[in-house]
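Along the sequence shown, residues carry numbers from 1.
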Amino acid sequence: MPLHDVVILGSGPAGLTAALYTARAGLKPVVVEGLTAGGQLMQTTDVENYPGFPEGIMGPELMELFKKQAARFGTTFVPGDAMSVDLHTRPFTVKTEEDTLEARAVIIATGASPKTLGLPGEKEYAGRGVSYCATCDGFFFRNKEIVVVGGGDTAMEEANFLTRFGARVTVVHRRDSFRASKIMADRLLANPKVRVLWDSAVTEVKGDGTRVHSVVVKNLKTAASTEEPCVGFFVAIGHRPNTALVKTVLPTNAEGYLTLQGHSSHTNIEGVFAAGDVHDHVYRQAVTAAGAGCRAAIDCERWLASKH
């Protein structure tokens with residue numbers, strides 16, 4: 001079994017940037033792509049906030065360019081998901097459905113997944129009116145009707161941000177008060193461009209086959225349903241870091257995100273690094289994930305040089 005210098009888990013912006021940098025350093029990285037190869041950007045249509053693309057670029061196209069650049073310098077790609085990771089013994093072992101990989105170092109860039117509602121039409125219109133990131137997609141809904149679901153700090157922040165663009169932002173919440181911090185809730189309720197539908201839930205996302213045009217909202221007290229026109233439907237109920245493989249051996253914060261040492265990418269295990277949304281619950285942008293991938297690659301390269 002060949003011993004690899006570094007195995008990278010995940011093929012989003014963080015994983016592929018880490019692959020690019022470690023490949024250029026001559027480390028011949030192996031990337032386990034994951035079941036959702038390319039990460040969250042594969043579910044995004046237009047990306048207009050990634051530097052270097054003044055006319056914007058499609059999310060899948062951007063990730064294909066990332067992959068081609070990493071491959072150019074000698075990155076090997078393994079399709080499918082990692083089934084298990086052993087970080088207790090050295091070399092580290094990563095098992096996929098078809099192979100077992102041994103590595104001196106591991107970079108975890110498995111990202112995070114947005115929590116979904118599982119509504120009819122939600123998956124169908126993802127990236128076509130349904131969004132999980134206001135910072136990423138708010139610009140596309142300038143002067144349009146927007147609906148946001150959620151009642152925590154994330155929803156408050158997203159809805160307030162969206163008022164910069166939307167003609168009106170309607171927040172739908174299941175209860176008669178927000179669970180968000182008081183300061184965040186008060187800020188939202190004071191915004192003249194916001195209305196709140198209390199004790200309500202969205203039950204369906206509707207569209208014309210191409211884009212969202214409305215959502216069905218049910219009042220949970222009266223059972224009455226109404227159709228709310230909107231072209232942007234934002235689900236703001238949080239994200240779930242993809243840490244199932246390592247959460248028993250690497251420390252996480254209260255939300256389940258990996259915690260790192262200082263301003264580095266080092267985890268609590270020597271030779272194990274993390275990058276991107278798997279640890280970043282604040283910014284969650286492609287460009288910050290790419291930067292984190294660069295940092296992890298440089299930390300990894302320097303650690304390998306010091307040990308070997």
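- Hydrophobic cluster membership is shared by Leu16 and Met42, with clusters built from Ile, Leu, Val, Met, Phe, Trp and Tyr side chains linked at under 4.5 angstrom.
- The shortest distance between side-chain heavy atoms of Leu62 and Leu41 falls below 4.5 Å.
- Using a 4.5 Å cut-off on side-chain heavy atoms (C-beta onward), Val7 and Leu101 make contact.
- Between Phe234 and Phe141, the ring centre distance stays below 6.0 Å.
- With a 4.5 Å cut-off on side-chain heavy atoms, Val215 and Glu204 do not count as touching.
- Note that SG of Cys230 and CD1 of Ile146 are 9.0 Å apart. Values are rounded to the nearest 0.5 Å.
- Donor-acceptor pairing under 3.5 Å is lacking for the side chains of Asp86 and Thr93.
- Seen from the ring of Phe77, Lys67 counts as a face-on cation partner, given the 6.0 Å and 45° thresholds.
- Here CD of Gln261 is found 10.5 Å from CG of Asp299. Values are rounded to the nearest 0.5 Å.
- The distance from the OG1 atom of Thr135 to the CG atom of Asn49 is 8.5 Å, given to the nearest 0.5 Å.
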Exercise for review: For Asp277 and Arg284, run salt bridge (Lys or Arg N to Asp or Glu O under 4.0 Å): C-alpha distance rounded to whole Å, both residues' side-chain angles, the deciding distance at 0.1 Å, then the answer.
Suggested key: CA-CA 6 Å; Asp277 288 8; Arg284 297 198 303 267; 5.5 Å; no

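- Relative orientation of the Phe273 and Trp303 rings is perpendicular, given thresholds of 30° and 60° on the angle between their planes.
- Looking only at side-chain heavy atoms (C-beta outward), Val212 and Val130 come within less than 4.5 Å of each other.
- A donor and an acceptor atom, one from each side chain of Ser113 and Asn242, are located under 3.5 Å apart.
- Within the 4.5 Å cutoff, no side-chain heavy atoms of Arg187 are placed close to those of Glu157.
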Using residues 189-199 as the side-chain source, report each donor-acceptor pair under 3.5 Å to any protein atom, sequence neighbours left out, with the distance given to one decimal.
residue	atom	partner	partner atom	Å
Asn191	OD1	Lys193	N	3.0
Asn191	ND2	Asn160	OD1	3.1
Asn191	ND2	Thr163	OG1	3.2
Lys193	NZ	Thr163	O	2.6
Lys193	NZ	Gly166	O	2.6
Arg195	NE	Thr170	OG1	2.8
Arg195	NH2	Glu228	OE1	2.3
Asp199	OD1	Asp176	N	3.4

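- Grouped by direct or indirect side-chain proximity (heavy atoms under 4.5 Å, Ile/Leu/Val/Met/Phe/Trp/Tyr only), Val282 sits with Tyr283.
- With values rounded to the nearest 0.5 angstrom, Ile269 atom CD1 is found 5.0 Å from Leu250 atom CG.
- By the 4.5 Å heavy-atom criterion applied to side chains, Arg90 and Arg104 are not counted as neighbours.
- Thr259 and Asn253 form no side-chain donor-acceptor contact under 3.5 Å, judged by distance and modelled atom types alone.
- Counting heavy atoms from C-beta on, the side chains of Tyr21 and Glu301 never come closer than 4.5 Å.
- If you take CD1 on Ile237 and CG on Leu117, they are separated by 4.5 Å, rounding to the nearest 0.5 Å.
- No single ILVMFWY cluster, assembled from side-chain heavy atoms under 4.5 Å apart, contains both Ile108 and Tyr257.
- Contact check for Phe233 versus Val148: no side-chain heavy atoms found under the 4.5 Å cut-off.
- One distance of note links NZ of Lys115 with NE2 of His239; it measures 10.0 Å at 0.5 Å rounding.
- Taking a cutoff of 4.0 Å between a charged side-chain nitrogen and a carboxylate oxygen, Arg240 and Glu255 do not qualify as a salt bridge.
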